[in-house]
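Chain identifiers are assigned alphabetically (A, B, ...) following the order of the sequence lines, protein sequences preceding nucleic acid strands; residue numbering begins at 1 within each chain.
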Amino acid sequence: MIMEIITAVKGFKDILPGEAGKWQYVEEQARKIFTAFGCLEIRIPILEKTDLFARGIGEATDIVEKEMYTFRDRGADLITLRPEATASIIRAYLEHHLYAADPVAKLYTIGPMFRRERPQKGRYRQFHQLDVEILGYEDARIDAEVILMLIHFLKSVGLKSPQLELNSLGCPSCRPSFRESILQFLQGKEGDLCEDCQRRISTNPLRVFDCKMEGCKHIIAQAPVIQDFLCGGCRDHFAEVLASLAVFDIAYTINPRMVRGLDYYARTTFEITTDFLGAQNAIVGGGRYDGLIRDLGGPDIPGIGFAIGFERLLAMMPADQCDDFIKPPALFIAALGTEAQKFAYQLCNRFRMQGIPTEMDYTAKGLKSQMKRADRLKCRKVLIIGDREIEAQQADLRDMQTGEQVKVTLDNPEEWKDRI
RNA sequence: GUGGGUGUAGCUCAGUUGGUUAGAGUGCCGGGUUGUGGCCCCGGAGGUCGAGGGUUCAAAUCCCUUCACUCACCCCA
């Protein structure tokens with residue numbers, strides 16, 4: 001009987017050793033930079049109660065409506081594989097009363113998210129995000145600071161020209177009047193809108209701005225823009241964000257038609273896109289969510305954050321940034337014969353315990369094939385031991401780049417281990 | 001959820017109007033070098049041609065069904 005190999009679930013990808021080094025590099029870079037900006041790591045569960053996302057992200061969003069992995073936990077609560085990190089971070093912040101000791105919390109997390117969409121380039125059902133959330137500051141300088149950190153990070157991993165788009169979505173005191181005027185504007189034009197947008201009029205009219213259908217884009221081009229409806233507070237706030245960005249010469253374009261797919265955003269929102277990546281061109285999305293913590297049952301504390309699409313970021317990193325993440329072993333021990341193998345086995349593991357990455361071959365093959373393996377592993381040096389060498393307590397240490405060989409003593413490896 | 005494209009060796013791909021034993025490059029194993037990698041030369045292993053059905057004397061090739069992958073719509077990071 002032929003056994004069929006079990007494959008991974010659709011949209012779920014393996015990160016193979018060849019690419020894992022790249023992941024580690026980007027993660028390290030992120031930790032370094034986020035830490036310098038005062039962020040602390042938080043690790044949160046992958047499963048949450050479904051209500052958290054329904055309340056946090058918004059019932060009418062696509063994510064909640066049709067993309068979540070939701071199931072019943074053995075007949076108990078409805079639980080969901082997290083589709084994003086913000087709601088979970090705020091849940092943890094509230095659950096552990098982090099705001100009691102200090103309302104300000106600057107947090108980051110790195111991990112997998114899950115959305116059941118049709119996979120394509122730059123879009124997987126399990127994907128990873130680098131997520132930063134700054135809670136407790138309303139100051140517009142924080143908005144700019146977050147963006148500064150983000151762009152600094154993106155450039156540090158080799159991203160050539162991140163394009164920053166900005167908008168302000170207003171707040172609960174000014175958005176209703178904007179919403180009203182949009183509804184008025186769309187009145188009578190329903191017939192010219194696509195099916196989805198007709199539905200959006202009743203669910204979330206702002207999302208019509210996001211539509212990519214030519215007909216809808218044409219109509220929306222003449223629609224009123226949020227900027228004209230911002231209240232004094234929001235207008236000042238946005239102006240100060242721009243002024244603070246100017247301090248660091250951060251280039252941006254204001255996109256008054258940019259709205260976001262999650263309901264909780266207010267005031268500053270931003271997106272970073274690139275044209276390298278096909279249709280899925282957004283690598284970062286973020287913004288301010290001043291009402292969210294309260295909506296989730298907490299005190300009225302403001303917040304701002306962003307999420308970077310890890311896979312998309314990696315896909316855009318220049319090739320020369322992606323090489324050489326695999327560190328080859330420093331030493332290969334080629335051992336011929338029983339005695340030499342015995343000796344090699346000991347020495348190999350002794351070196352490893354001293355932190356020297358060392359490899360050997362256990363199949364008793366000829367020297368030629370062991371050399372070949374050493375070469376394939378890209379080892380810098382090879383120690384060649386046979387019965388002759390055991391007898392003489394001296395072996396050849398070969399430099400694989402220059403081909404030079406020197407005699408080293410076997411009874412005292414400490415003498416030459418620094419030369420590996 | 002809706003469209004398009006592609007499935008042949010581990011990988012990248014050829015394969016003519018249907019025709020005999022399905023190929024190349026690369027990788028892997030071995031040899032040329034009795035104990036020295038890379039370059040070169042020689043040899044070897046490796047394929048139910050995605051799966052199922054149909055047409056035919058004959059199917060990788062034509063038809064149908066199905067599955068997988070992929071790109072795009074949509075949505076978003």
Side-chain angles (χ1 to χ4, degrees), chain A residues 2 4-5 7-11 13 18 57 61-68 82-86 110-132 150 154 194-197 199-200 204 207 210-214 216 258-262 270-274 277-287 305-316 332 334-337 340 361 363 365-389 395-405:
Chain A
I2 299 166
E4 218 168 281
I5 287 176
T7 57
V9 175
K10 190 193 199 69
K13 297 272 171 252
I57 299 172
T61 57
D62 277 12
I63 293 176
V64 172
E65 261 181 2
K66 49 193 186 195
E67 293 173 3
M68 294 202 306
R82 63 180 188 198
E84 56 114 43
T86 307
I110 303 175
M113 308 295 157
F114 306 84
R115 293 183 199 174
R116 202 184 176 292
E117 303 174 85
R118 192 80 168 262
Q120 70 185 69
K121 192 179 176 67
R123 190 172 79 184
Y124 312 104
R125 290 181 173 185
Q126 176 180 358
F127 61 102
H128 295 73
Q129 288 188 338
L130 294 153
D131 194 274
V132 173
L150 169 61
L154 294 176
C194 72
E195 224 171 89
D196 285 327
C197 285
R199 190 174 43 85
R200 284 174 183 136
N204 191 346
R207 292 211 57 78
D210 246 1
C211 192
K212 275 130 194 145
M213 305 292 285
E214 274 312 313
C216 300
M258 182 182 73
V259 294
R260 305 216 42 79
L262 295 81
F270 55 91
E271 208 170 274
I272 288 182
T273 57
T274 153
L277 209 55
Q280 306 301 318
N281 63 350
I283 59 166
V284 184
F306 62 78
I308 305 172
F310 210 120
E311 286 85 349
R312 291 184 187 179
L313 175 60
L314 291 187
M316 295 189 346
F332 190 93
L336 299 154
D361 187 273
T363 54
K365 282 182 184 165
L367 180 58
K368 183 182 170 123
S369 79
Q370 294 196 45
M371 291 298 291
K372 236 175 151 162
R373 185 169 159 72
D375 183 54
R376 195 167 52 227
L377 291 173
K378 297 187 170 61
C379 299
R380 288 195 301 272
K381 306 264 175 153
V382 177
L383 183 70
I384 300 161
I385 318 173
D387 292 337
R388 293 206 301 259
E389 283 78 8
D396 290 320
L397 183 64
R398 180 180 178 86
D399 186 309
M400 291 298 271
Q401 237 134 57
T402 64
E404 281 168 36
Q405 286 187 194

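Regarding A:N281, its CG atom lies at a distance of 14 Å from the C1' atom of B:A72, rounded to whole Å. Taking atom CD of A:E117 as the reference point, atom C1' of B:A72 lies 14 Å away to the nearest angstrom. Between A:R125 atom CZ and B:A68 atom C1' the separation is 13 Å, expressed in whole Å. Whole-Å rounding puts the A:I283 CD1 to B:A77 P distance at 12 Å. The interatomic distance linking A:I385 (CD1) with B:G35 (C1') rounds to 13 Å, in whole Å. In this entry the distance linking CG of A:L336 with P of B:G35 reads 7 Å, nearest Å. If you take CE of A:M68 and C1' of B:G1, they are 18 Å apart, rounded to a whole angstrom. In this structure, A:R115 places its CZ atom 17 Å from P of B:C74, rounding to the nearest Å.
Nearest heavy-atom pair across A:M316 and A:T274 is SD-CG2, 2.6 Å. Shown here for A:F270 and A:L150, the closest heavy-atom pair between the two residues is CE1-CD2, 3.7 Å. Taking all atoms of both residues into account, the shortest heavy-atom contact from A:M68 to A:P83 is SD-CG, 3.8 Å. In terms of heavy-atom proximity, A:A282 sits nearest to A:R312 at O-NH1, 2.6 Å. Contact between A:Q129 and A:E84 at its shortest, heavy atoms only, is OE1-CA, 4.3 Å. Minimum heavy-atom separation, A:I385 to A:A395: CG1-CB, 4.3 Å.
On a pure distance criterion of 3.5 Å, a polar donor-acceptor pair joins the side chain of A:E389 and the base of B:G35. At a cut-off of 3.5 angstrom, the base of B:U36 holds no donor-acceptor pair with the side chain of A:Q370. Side-chain atoms of A:R123 and base atoms of B:C74 include a donor and an acceptor less than 3.5 Å apart.
Toward the 5′ end of RNA chain B lies the nearest nucleotide of A:R398, the other residue of the pair A:R398 and A:E67 mapping further downstream. Remark on RNA chain B: of its neighbouring residues A:Y124 and A:G403, the 5'-side contact belongs to A:G403, judged by nearest-heavy-atom nucleotide.
The gap from the C1' atom of B:C63 to that of B:U56 amounts to 12 Å, rounded to the nearest Å. B:A45 and B:G10 have their C1' atoms separated by 12 Å, given to the nearest Å. The P atoms of B:U61 and B:A77 are separated by 45 Å, rounded to the nearest whole Å. Between B:A24 and B:U17, the two P atoms lie 22 Å apart (nearest whole Å). Spacing of P atoms, B:G30 relative to B:G5, comes out at 45 Å, to the nearest Å. Comparing the C1' positions of B:G7 and B:G15 gives a spacing of 15 Å, expressed to the nearest Å. For the C1' atom pair drawn from B:G43 and B:G35, the interatomic distance equals 23 Å after rounding to whole Å. With C1' as the reference atom, B:C28 and B:G52 are 33 Å apart, rounded to whole Å.
A distance of 9.5 Å separates CG in A:L336 from CZ in A:R388, rounded to the nearest 0.5 Å. Taken from OG1 in A:T86 to CG in A:D131, the straight-line distance is 4.5 Å, to the nearest 0.5 Å. Taking CD1 of A:I57 as the start and CG of A:D62 as the end, the distance is 11.5 Å to the nearest 0.5 Å. Atoms CD and CE, from A:E271 and A:M258 in turn, are 5.5 Å apart once rounded to the nearest 0.5 Å.
Between B:C69 and A:K10, a contact under 4.0 Å exists linking OP1 or OP2 to a side-chain N or O. The side chain of A:Q120 places no N or O atom within less than 4.0 Å of a non-bridging phosphate oxygen (OP1 or OP2) of B:C71.
With B:G37, B:C71, B:A77 as the choices, the nucleotide that has an atom nearest any side-chain atom of A:A282 turns out to be B:A77.
Without hydrogens or angle criteria, A:E311 side chain to A:H128 main chain gives a donor-acceptor distance under 3.5 Å. Under the 3.5 Å distance criterion, the side-chain polar atoms of A:R398 are left unmatched by any main-chain donor or acceptor of A:V382. Panel note: side chain A:R380, backbone A:Q401; no donor-acceptor pair is recorded below 3.5 Å. In this structure, the side chain of A:Q370 engages the main chain of A:A335 through a donor-acceptor pair within 3.5 Å.
Per the stacking criterion (ring centres < 5.5 Å, plane angle < 30°), A:F310 does not stack onto the base of B:A77.
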List every contact pair, protein side and nucleotides 25-33 of chain B side both N or O, where the distance is under 3.5 Å.
from  : atom 1 : to     : atom 2 : distance (Å)
B:C28 : OP1    : A:R376 : NH1    : 3.2

Pull out every protein N or O sitting under 3.5 Å from an N or O of nucleotides 9-11 of chain B, one pair per line with the distance.
none

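Using a 4.0 Å heavy-atom cutoff across all strands shown, A:K13 reaches sugar-phosphate atoms only and no base atom. In this structure, A:A374 reaches neither bases nor backbone, as no heavy-atom distance under 4.0 Å exists between it and the strands shown. Counting any heavy atom pair closer than 4.0 Å across all strands shown, A:I384 reaches a base atom. Contact annotation for A:K66: no contact, since no heavy-atom pair falls under 4.0 Å across all strands. Heavy atoms of A:D396 sit under 4.0 angstrom from at least one base atom.
Taking the side-chain contact (heavy atoms from CB on, under 4.5 Å) definition, one finds that A:R116 meets it with A:Y69, A:R125, sequence neighbours left out. For the ring pair (Phe, Tyr, Trp, His ring centres under 6.0 Å) test, residues two or more places apart in sequence or in another chain that qualify with A:F310 are A:W23.
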Legend entry - From CA spacing to verdict: side chain to side chain contact (heavy atoms under 4.5 Å, CB included), A:F332, A:D375: CA-CA 9 Å; A:F332 190 93; A:D375 183 54; over 6 Å; no
Inset, instruction - Take nucleotides 2-7 of chain B nucleotide by nucleotide from the 5' end and write B, S or -, depending on whether a protein heavy atom sits under 4.0 Å from the base, only from the sugar-phosphate, or from neither. - result: BB----
Legend entry - Nucleotide pairing, RNA chain B (Watson-Crick or G-U, distances under 3.5 Å), in dot-bracket with [ ] and |: (((((((..((((.....[...)))).(((((.......))))).....(((((..]....))))))))))))....
